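Quick caveat: nothing in here was measured; it's all calculated off a predicted structure.
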Amino acid sequence: MNGTVKDRVTERAGRRQWAGLAVLVLPCVLVSMDMSIMFTTLPTLTADLRPSSSELLWIMDGYGFMLAGLLITMGTLGDRFGRRRVLLGGAVAFGLASALAAFSTTPQTLIVARMLLGVAGATLAPSTLSLIRAMFNDEKQRTTAVGVWTAGFAGGAVLGPIISGLLLEHFWWGSVFLVNTPVMALLLVLGPLLLPEFRVPAPGRFDLAGAVLSLLAVLGVIYGIKSGAEHGFGTPSLLSLAAGLAFGYVFLLHQRRSPQPMLDLGLFRERRFSVVLGIDALATFGMVGFSLFSWQFLQLVLGMEPFTAALWTLPTFLVMPVGIALATMAAPRFGKDRVIITGLTIAVAGFIQLAFTGAHSGSLHIVTSMGIVSIGIAAVSAVVTEVIVSAAPPERAGAASAMAETSAEFGGALGIAILGSIGAAFYRADITATAPDSLDPHQLETAAATLGGAVNLAADLPHSLAAAMRDSAFTAFAHETRIAAIVCAALSAAGALLVATVLRRPRTQPLTGSSNTRHEPSTP
């Protein structure tokens, strides 16, 4: 039966639901991989297509911009037209856009393909998570399922550079996109067999104005943040931020007045929902934001090739299931609020260890510290995502899933922008004070701009001067890394304190109320 709501005893998921979960993880891994494959693909791609600097920006970021901007709209479309239908339609679009990207012969074609990949990817993330909400009615099982889903996204981000690095050793750069096509074909075959359909019975009129406003709001803010992080917060980035915030304000006014709003704003008045949504963004802030420093440290300070650096980040992914498993087992017994607090505290310990990073710290120090952070963040992410999705009524699960994903996107963008800006300020000050005196003003400006600029400059200097330049740059970057770690530790500790004071409740009272009502999924 399709799109009905019944009162019934909570049922535990069986083998079919768990097999369906394995199918749902496939697009999660690919969507996340496509965010990170450009790290290793960019040099080869650039040499072949020769894009301009602005074209290069859109090749890199067009995917993420469209993905973030359309999550809310696509989550709502899944609630209205059927989550499985939207998921499978997105899989077709993702496979076709991947083929277009793989065989692009001009930068413009690749930009279009990357943006289409972002549009298709926006259908996949909320659809998979909202289907998990429909398939797993038992709270403990749903927490486990969301943990597996979280691991899929995290794993894709780590596997992207590794898989693309392997492919680039034997094939042309387009092969990294062709990986998506057979996986999406498999999803199209297995999806109708293992996944239920689920949609709202009387969704009403689609809110086109709300969809446009949400897209403009998210694009404006995300572009402003990323542009500011890369080029400084000048007039263009500030105007983009202001426009995005203005569109966001108009979007909220429109939602408040609309008879069929895309978002249930009443959820934000429930502090358990709004605080946990903020914790979701905070977790991504630290994890994604600090990855900017760990990747540079491995590649530029320690001199690793991108593929080797990607292999060194594997332990960061491999320990995440540990955090997810521990959180899944502990949440029913000790309470989700306590698991969130514990996870953030573990992350604080990892960031404190990173606060002792020096210019001569080895890869083991970085990887071990990031592993500790990963265990904590994985535990937090698995629990808060389940809380966000469960807090919404079943017919709004798609929109709630989109909000969870959007908050994570904002958290990651803010982490890169804020930590990058703070770190750049300290790095520039240190380089200006400690760089060799024999550098001319232009060389000093190059060295002070980025660590990569300093390393490239050192490669062209006489041996003794090059060594001094590298020592100065590596010491400055280590200082920058320590500052970023301290900021992340402080914010994670503040998040744990917020949960402890605002959401803490007796062990017999759950963090979110359980509901006995749900949509009855239709048979495939």
TODO: For S127 and L124, indicate whether the former's side chain and the latter's backbone hold a donor-acceptor pair under 3.5 Å.
DONE: no
- [ ] Could you tell me the separation between the CG atom of L219 and the CZ atom of F247, rounded to the nearest 0.5 Å?
- [x] 10.5 Å
Task: Side-chain heavy-atom pair R16, L194 within 4.5 angstrom cut-off - done: yes
Open item on the list: So, taking the atom named CD1 in I372 and the one named CD1 in I346, what distance separates them when rounded to the nearest 0.5 Å?
Closed with: 9.5 Å
Open item on the list: What's the separation between atom CD1 in I375 and atom CE in M370, rounded to the nearest 0.5 Å?
Closed with: 12.0 Å
Open item on the list: Given 3.5 Å as the limit, does a donor-acceptor pair link the side chain of T368 with the main chain of H365, or not?
Closed with: no
Task: Exercise: identify the closest heavy-atom pair between F297 and I366 - done: CD2-CG1, 3.8 Å
Open item on the list: Determine whether a donor-acceptor pair (N or O, by modelled atom type, separation under 3.5 Å) exists between the side chain of S492 and the backbone of A489.
Closed with: no
Task: Aromatic centroids of F290 and F293 separated by under 6.0 Å - done: yes
Task: L87 backbone acceptor or donor facing T123 side chain under 3.5 Å - done: no
TODO: Could you tell me whether the side chain of Y249 reaches within less than 4.5 Å of the side chain of L245, counting heavy atoms only?
DONE: no
Task: Taking every non-hydrogen atom, the tightest pair across L344 and G495 - done: CD1-C, 3.6 Å
Task: Distance, nearest 0.5 Å, that separates OG1 of T475 from OH of Y427 - done: 10.5 Å
Task: Gap separating the CZ atom of F285 from the SG atom of C488, nearest 0.5 angstrom - done: 6.0 Å
- [ ] Measure the spacing between CG of L282 and CG of L491 and express it to the nearest 0.5 Å.
- [x] 6.0 Å
Open item on the list: Please give me the minimum heavy-atom distance between A476 and I431, naming the atom from each residue.
Closed with: CB-CG1, 3.9 Å
Task: Main-chain N/O of S291 paired with S294 side-chain donor or acceptor, under 3.5 Å - done: yes
Task: Student check: side-chain heavy atoms of S363 and M304 closer than 4.5 Å - done: yes
TODO: For the residue pair V301 and L451, establish whether any side-chain heavy-atom pair is separated by less than 4.5 Å.
DONE: yes
- [ ] Evaluate side chain to side chain contact (heavy atoms under 4.5 Å, CB included) for L24 paired with M135, printing each intermediate quantity in order.
- [x] CA-CA 11 Å; L24 291 175; M135 292 162 59; 3.9 Å; yes
Task: Side-chain touch W18/T144, heavy atoms, less than 4.5 angstrom - done: yes
- [ ] List the atom of A347, the atom of I377, and the distance in Å for their closest heavy-atom pair.
- [x] CB-CD1, 3.9 Å
Task: W295 side chain near L300 side chain, heavy-atom distance below 4.5 Å - done: no
Task: Polar side-chain atom of S381 near backbone of A378 as donor-acceptor pair, under 3.5 Å - done: no
TODO: Give a yes or no on whether the backbone of D280 and the side-chain of T284 come within a donor-acceptor separation of less than 3.5 Å.
DONE: yes
TODO: Decide side chain to side chain contact (heavy atoms under 4.5 Å, CB included) for L419 and V487; before the verdict, give the C-alpha distance in whole Å, the side-chain angles of both, and the deciding distance to 0.1 Å.
DONE: CA-CA 8 Å; L419 294 179; V487 171; 3.8 Å; yes
Open item on the list: Is the shortest side-chain heavy-atom distance between T128 and L131 below 4.5 Å?
Closed with: no
- [ ] Quick one: closest heavy-atom pair of M287 and S374, and the distance?
- [x] CE-OG, 2.9 Å
Task: Residue pair H479 / D430: nearest heavy atoms and the distance that separates them - done: ND1-OD2, 2.5 Å
Open item on the list: Does any part of the side chain of V221, heavy atoms only, come nearer than 4.5 Å to the side chain of L241, both counted from C-beta?
Closed with: yes
TODO: Could you walk me through whether M74 and V119 pass the side chain to side chain contact (heavy atoms under 4.5 Å, CB included) test, one step at a time?
DONE: CA-CA 9 Å; M74 295 305 182; V119 174; 3.9 Å; yes
